[in-house]
Each structure stands twice: as structure tokens, then as C-alpha cells.
Amino acid sequence: MASSLSTLVDFSKSSLLISVAAIAFNPTAWNIVARNEYRNKTITRIFGGNARYGCYFLALSIFSAGMVRDALYHRALLEQPQQKILPEPFDTLVPAVLFVLGQTFVITSTWALGITGTFLGDYFGILMDHRVEGFPFNVLRDPMYVGSTMSFAATALWYERPAGLLITLYVYIVYVIALRFEGPFTDKIYSKKAESDAAAKANGGSKKEL
């Protein structure tokens with residue numbers, strides 16, 4: 001099995017290792033940066049106390065890093081062994097459908113959440129008034145991560161690189177781990193907001209009675 005795997009994946013290529021590192025770096029770095037922002041307001045202070053500008057800066061950084069990650073993945077794939085994965089015409093139909101669906105989930109998620117909702121605005125104190133329940137969130141809990149994973153798989157199938165499917169599995173695992181940290185922390189932020197709103201409402205009611 002090891003010998004057969006080595007014919008499908010060339011582990012000696014540095015581009016493969018660089019791609020894997022970039023995939024892990026992105027969600028790890030943004031979770032660390034966002035938590036620091038929530039606690040210390042480092043980026044907000046850099047932008048003179050303007051949390052929205054700070055969030056836009058982080059959004060640009062995340063988007064740019066994502067483009068670099070995708071370019072590194074593409075380069076890594078092209079240096080890997082090519083192997084027929086799907087028969088015709090599925091070798092083009094399946095990756096095309098996967099990619100379109102994946103990008104649809106990513107783009108519609110961004111549209112529904114907005115820039116600040118997509119790019120960790122809640123860590124800057126820019127909170128949404130209510131939970132987004134329309135498409136694609138009425139279909140998937142984490143449509144952006146799912147869509148991104150589908151796009152990785154589509155690219156691997158399109159270029160017929162089995163190594164890309166292995167990387168896609170790795171992407172999925174990285175995202176699952178990231179969500180285990182990101183999800184509960186985000187829930188904590190909104191729980192604090194709900195408690196604060198309830199306390200403010202109660203105080204407001206008490207003042208009216210007086």
C-alpha cells in the first residue's frame with residue numbers, strides 16, 4: 001500500500017509541504033489574531049480606535065492569504081503525478097459541478113453575512129442583530145468551509161491529481177479542528193451580548209417604574 005501511495009503522491013516535492021503548511025496556517029493564524037483582537041483590541045488601536053477599519057484590514061489580509069494558499073495548492077498539484085480518477089464524461093462534469101456548488105456556498109455565505117460578518121467582525125465588537133437563517137445557512141451549518149473544501153476536491157479531480165484528494169481530506173480535518181475553537185468562542189461572544197442586552201433592558205424597565 002505504501003508503494004502504491006508513493007506512485008500517486010510525490011512526498012519529496014517541497015511545493016506539497018508548502019501547500020500543506022499554508023492550508024494549516026490560515027485558519028490557525030486568524031483564530032489567534034481574532035482572539036487577541038477580542039481581548040486586547042490590537043488592530044483596532046492601530047486604526048485609531050476604529051473597529052470597522054480594523055476589521056476591513058483583517059478581511060483584506062484573510063482574502064489575500066487565501067489567494068496565496070490557492071496559488072500554492074495549484075502549484076503543488078501540477079508537480080504531482082497525474083492519474084485518471086473518473087471516467088469520461090464524469091472527469092469534467094463532476095469537478096465542474098463540485099466547483100460551481102462550492103463557490104456558490106462561499107459567495108452566498110459572504111453575501112448573507114456581509115464583510116464584517118464573514119471576516120470575524122464579532123471579535124471586533126461588530127455583532128450581528130440576529131442569526132442568518134437564509135440560504136445557504138438553511139442548508140449547511142458551515143457553508144463557507146464546506147464550499148471551500150468542495151473547491152479543493154474539484155480542482156484535484158479536474159487536474160486528475162490523487163494527491164489533491166489527499167490534501168482535500170487534510171483541508172477538511174483542518175477546518176473541523178478550527179471550528180472546534182472558533183464555534184464555541186463565537187457563541188460565547190453572543191451569549192455575553194445577550195446577557196448584556198437583557199441586563200440593559202431590565203435596568204431600563206426599573207427606571208421606568210421609578
Gap separating the OG1 atom of Thr155 from the CE atom of Met150, nearest 0.5 angstrom: 11.5 Å
Verdict with supporting geometry, Phe135 and Thr104, side-chain contact (heavy atoms from CB on, under 4.5 Å): CA-CA 10 Å; Phe135 185 83; Thr104 297; 4.2 Å; yes
Co-membership, hydrophobic cluster, residues Ile85 and Tyr170, 4.5 Å side-chain: no
Gap between atom CG of Leu60 and atom CD1 of Ile115 - 0.5 Å precision: 10.0 Å
Sub-4.5 Å side-chain heavy-atom contact between Leu8 and Leu166: no
Spacing of Phe90 atom CZ and Leu93 atom CG [to the nearest 0.5 Å]: 7.0 Å
same_hphob_cluster(Leu179, Met144) at 4.5 Å side-chain heavy-atom cutoff: no
Contact check, side chains of Asp91 and Glu88, non-hydrogen atoms, under 4.5 Å: yes
Side-chain H-bond candidate by donor/acceptor type, Ser148 with Tyr175, under 3.5 Å: yes
Any side-chain heavy-atom pair of Leu120 and Val33 under 4.5 Å: no
CG on Leu77 to CD1 on Ile167, rounded to 0.5 Å: 5.5 Å
OH (Tyr53) with more than 12 external heavy atoms under 6.0 Å: no
Residue pair Ser19 / Tyr73: nearest heavy atoms and the distance that separates them: OG-CA, 3.4 Å
Heavy-atom check, side chain of Trp30 versus side chain of Ser61, under 4.5 Å: yes
Heavy-atom side-chain proximity of Glu37 to Thr44 below 4.5 angstrom: yes
Leu16 with Leu72, same ILVMFWY side-chain cluster at under 4.5 Å: no
Validation row: Asn50, Phe57 side chains within 4.5 angstrom (heavy atoms): no
Atom of Ala76, atom of Ser15 and distance for their closest heavy-atom approach: CB-O, 3.5 Å
Test log, rule side-chain contact (heavy atoms from CB on, under 4.5 Å), inputs Phe152 and Asp70: CA-CA 9 Å; Phe152 273 93; Asp70 292 345; 4.1 Å; yes
same_hphob_cluster(Ile126, Met128) at 4.5 Å side-chain heavy-atom cutoff: yes
Contact check, side chains of Asn138 and Glu133, non-hydrogen atoms, under 4.5 Å: no
Taking every non-hydrogen atom, the tightest pair across Gly121 and Cys55: CA-SG, 3.6 Å
Neighbour count >12 (heavy atoms, 6.0 Å) for atom CZ, Phe47: yes
Heavy-atom pair of closest approach, residues Lys41 and Tyr123: NZ-O, 3.5 Å
Minimum heavy-atom distance between Glu182 and Arg35, given as atom pair plus value: N-NH2, 4.5 Å
Pair Leu58-Phe124, side-chain contact (heavy atoms from CB on, under 4.5 Å): steps then yes or no: CA-CA 10 Å; Leu58 183 61; Phe124 287 81; 3.6 Å; yes
Full working for side-chain contact (heavy atoms from CB on, under 4.5 Å) between Phe137 and Leu113: CA-CA 10 Å; Phe137 293 93; Leu113 294 172; 3.6 Å; yes
Thr110 side-chain N/O to Val106 backbone N/O, donor-acceptor pair under 3.5 Å: yes
Shared hydrophobic cluster for Val97 and Leu157 (ILVMFWY, side-chain gaps under 4.5 Å): yes
Over 12 foreign heavy atoms within 6.0 Å of OH, Tyr172: no
Exceeds 12 heavy-atom contacts within 6.0 angstrom, atom CZ of Arg75: no
Separation between CG of Leu169 and OG1 of Thr149, rounded to the nearest 0.5 Å: 10.0 Å
Validation row: Asp10, Pro81 side chains within 4.5 angstrom (heavy atoms): yes
Value rounded to 0.5 Å, distance of OH in Tyr56 from OG1 in Thr116: 6.5 Å
